[in-house]
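To start, the structure under review is shown below, and the notes come after it.
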Amino acid sequence: MIVAETFEGARAASAGLVGLVPTMGFLHEGHLSLIEAARRESETVTMSLYVNPLQFDDASDLDRYPVDVERDLALAEEAGVDVVFAPSPDEMFAEAPATAVDVPAFTETMEGAHRPGHFRGVATVVTKLFAGLQPDRAYFGRKDAQQLAVVRRLVADLSFPIDVLGLPIVREHDGLALSSRNVFVTGAGRVAALALSEALRAAVDSVESGERDANALVEVARKTLADAPGLDVDYVELAAQDDTSHPAVLDRPAFLAVAGSVGSVRLIDNVHFDLTEGEVSADLGIRLSGPSILYETGPPD
Ligand code: AMP
């Protein structure tokens with residue numbers, strides 16, 4: 001495995017079909033599932049490791065973001081990554097960028113509404129990674145469903161010759177969607193956090209008993225969340241997978257997204273609904289059978 005600090009170095013270390021897995025590090029099984037998919041389908045698997053300051057609307061959130069580069073490199077190597085692109089701050093932005101990539105029609109609700117500037121930061125850096133690393137495929141998690149829609153659209157609008165793949169959410173054994181931030185969720189906070197996935201489960205049950213009305217599904221999820229002391233809910237919204245618009249009924253591929261905070265830790269989750277010949281199928285993702293690797297080394301400093 002080669003660790004490259006420059007775009008040029010990463011490109012020079014790549015050959016054949018390149019699969020890119022963009023990450024902010026502190027890897028868990030969600031990231032590893034993206035690497036595994038890339039490994040199956042690419043000659044060179046490149047993982048970027050960059051905590052993108054442009055996408056943090058809250059400076060204290062950036063300060064506290066968990067970092068353990070040695071751990072990430074060991075996990076990446078074990079998972080079969082060929083090239084880790086770990087740029088220095090200067091390689092990414094020697095000076096503040098004068099260019100920004102925005103996908104406003106997709107980012108006015110949900111995460112976009114609650115984290116001003118977040119998606120501009122994501123879209124600008126993803127565009128830069130695509131331009132600098134020139135992958136053939138790029139792998140993203142459906143955990144960040146709005147982000148996935150934004151990336152798909154910017155790739156189409158800017159004609160990047162890149163296939164964007166979206167992979168299922170990986171969950172901890174109790175249902176909590178894996179996030180690097182979970183290391184900070186302990187004790188009573190953990191119980192509160194579980195309400196997010198339980199709310200989605202309740203909505204899935206409702207869909208399975210025939211409910212299709214968006215407001216009714218949002219209400220079902222909200223009811224579960226209301227019973228969780230210690231969880232500060234930001235939103236519950238049903239959005240179309242392709243353009244994040246809000247359908248009145250579940251008549252197209254969509255996702256029900258929830259977000260909230262447990263103390264100062266912000267968590268998001270969603271369930272994907274797909275339609276085949278009018279039949280709705282729900283995809284909550286995959287559950288680990290035991291504890292996540294996140295907890296093997298204890299929380300970072
Ligand atoms: P991050 O390091 O949090 O920026 O995430 C890097 C990539 O991993 C993004 O495409 C995320 O959507 C994806 N990812 C994060 N958590 C999960 C998860 N629990 N399941 C699947 N993919 C995930």
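In listed order, ligands and their atoms are each counted from 1.
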* Asked: Cationic tip of K128 within the cone over Y50's six-membered ring, i.e. under 6.0 Å and within 45° of the normal?
  -> no

* Would D283 and R142 pass as an ion pair if we require N to O under 4.0 Å? -> yes

* Structure fact -> Logged contact type for R142 with ligand 1, heavy-atom cut-off 4.0 Å, is neither

* Using a 4.5 Å cut-off on heavy atoms from C-beta on, say whether the side chain of V125 contacts that of M92. => yes

* Using a 4.5 Å cut-off on heavy atoms from C-beta on, say whether the side chain of I286 contacts that of S33. => no

* To do: Would you mind checking which non-hydrogen protein atom is closest to atom 12 (O) of ligand 1, with the distance to 0.1 Å?
  => D144 OD2, 2.6 Å

* Where does L34 meet ligand 1, judged by heavy-atom distances below 4.0 Å: at the side chain, the backbone, both, or neither? -> side chain

* Structure fact -> heavy-atom search around atom 23 (C) of ligand 1 in the protein gives K143 CB, 4.0 Å

* Going by the order shown, which atoms of ligand 1 are within less than 4.0 Å of some heavy atom of G30? -> 18 (C), 20 (N), 21 (C), 22 (N)

* Non-hydrogen side-chain atoms of T107 and H118 separated by less than 4.5 Å -> no

* Asked: Which ligand 1 atoms, with their elements, are less than 4.0 angstrom from a heavy-atom of L178?
  -> 16 (N), 17 (C), 18 (C), 19 (N)

* To do: Among all protein heavy atoms, pick the one closest to atom 10 (O) of ligand 1 and tell me residue, atom and distance.
  => G141 N, 2.9 Å

* Asked: What class does the angle between the rings of H272 and F255 fall in, given that below 30° is parallel, 30 to 60° is tilted and above 60° is perpendicular?
  -> parallel

* Min side-chain heavy-atom separation D205-E208 under 4.5 Å -> yes

* Asked: Which ligand 1 atoms are under 4.0 Å away from a heavy-atom of F140?
  -> 10 (O)

* Asked: With a 4.0 Å heavy-atom cut-off (strictly under), which part of P168 contacts ligand 1: side chain, backbone, both or neither?
  -> backbone

* Exam field: side chain R71 to backbone L27, donor-acceptor pair closer than 3.5 Å -> yes

* **Distance-only N or O hit between ligand 1 and V170, under 3.5 Å** => yes

* **Shortest protein heavy-atom distance from atom 3 (O) of ligand 1, along with the residue and atom involved** => Y65 OH, 3.8 Å

* Close side-chain approach of L256 to V207, heavy-atom, < 4.5 Å -> no

* Asked: Where does P22 meet ligand 1, judged by heavy-atom distances below 4.0 Å: at the side chain, the backbone, both, or neither?
  -> backbone

* **Residue selection (non-hydrogen contact nearest atom 16 (N) of ligand 1) among H31, H28, M24, R181** => H28

* Using distance alone, decide if ligand 1 has a nitrogen or oxygen within less than 3.5 Å of any nitrogen or oxygen in S33. => no

* Counting distance only, does the side-chain N/O of D174 pair as donor-acceptor with the main-chain N or O of L176 below 3.5 Å? -> yes

* Asked: With atoms numbered from 1 as shown, which atoms in ligand 1 lie under 4.0 angstrom from a non-hydrogen atom of I169?
  -> 20 (N), 21 (C)

